Amino acid sequence: FTKFGSDGFGEFLFKYYLDNGNLKQLLSFSNLFPKELGSFISSHSHLSWLHYLATEEYNEASKNLVQLAEEECQSVAKKKTLLSLGKLAMLASSDTKGTTKLQDIDSQLMSIDYQENAPTIALENADIDIECM
């Protein structure tokens, strides 16, 4: 890998693993070649957080997870999971501004909880799309 890395072999190998659904093998390179895999995986936001966790970049993992949660519109359960994982990653980070970010995540989780428990008629009256909370 080191010998042929500059010839694009690394990117070829990473793409091969990604295209064939071999994510475990792909992410196993996180500790061996963090910079190379980081460059490749940065364009795959749905996987970036896993790389950040493997390289102990918890603040970046948290940012990525919260961003994915904000983009999620298909599943409330997935959105809550992404926010919860983002919160855990933030708790593991050494970010001094983590308290504010944790409060933001908690606010989003509470908002989802309120929306899930609110009567449907109240949500419709408030023009909230029930399918995309």
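Just so you know, residue 1 is the first one in the sequence shown, and it goes up from there. All values reported here derive from a predicted model rather than from experimental measurement.
Side-chain contact check for Leu18 versus Leu47: some heavy-atom pair is nearer than 4.5 Å. Residues Phe29 and Tyr17 are in side-chain contact: their nearest non-hydrogen atoms beyond the backbone lie under 4.5 Å apart.
Shown here for Gln108 and Val66, the closest heavy-atom pair between the two residues is NE2-CG1, 4.2 Å. Nearest heavy-atom pair, Leu109 versus Lys80, reported as atom, atom and distance to 0.1 Å: CD2-O, 3.9 Å. Here the closest heavy-atom approach between residue Ala89 and residue Leu53 is recorded as CB-CD2, 4.3 Å. Heavy atoms only, all atoms of each residue included: Ile41 and Ser48 are closest at O-OG, 3.0 Å. In terms of heavy-atom proximity, Leu65 sits nearest to Trp49 at CD2-CD2, 3.4 Å. A pairwise comparison of heavy atoms in Ser45 and Leu68 identifies O-CD1, 3.5 Å as the closest pair.
Taking CG of Asp95 as the start and NZ of Lys63 as the end, the distance is 7.5 Å to the nearest 0.5 Å. Note that the OG atom of Ser84 and the NZ atom of Lys79 stand 12.5 Å from one another [nearest 0.5 Å]. Rounded to the nearest 0.5 Å, atoms CG (Leu26) and NZ (Lys24) are 13.0 Å apart. The OG1 atom of Thr99 sits 9.5 Å away from the CG atom of Leu91 when rounded to the nearest 0.5 Å. Remark: Glu70 CD to Leu83 CG distance equals 7.5 Å, nearest 0.5 Å. A distance of 9.0 Å separates CG in Leu13 from OH in Tyr16, rounded to the nearest 0.5 Å.
Between His46 and His44, the two ring planes are perpendicular [angle over 60°; tilted spans 30° to 60°].
Scanning for salt bridge (charged side-chain N to carboxylate O under 4.0 Å, His left out) contacts around Glu57 gives an empty result, with sequence neighbours left out.
Checking side-chain atoms of Glu72 against main-chain N and O of Gln74 turns up a donor-acceptor pair under 3.5 Å. Put simply, the side chain of Ser62 never gets that close to the backbone of Asn59: no donor and acceptor are under 3.5 Å apart. With hydrogens and angles disregarded, no donor-acceptor distance shorter than 3.5 Å links the side chain of Asn64 to the backbone of Glu60.
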Could you go through the ring-ring contact (aromatic ring centres under 6.0 Å, His included) check for Tyr52 and Tyr58 one step at a time? CA-CA 6 Å; Tyr52 291 135; Tyr58 302 117; over 10 Å; no

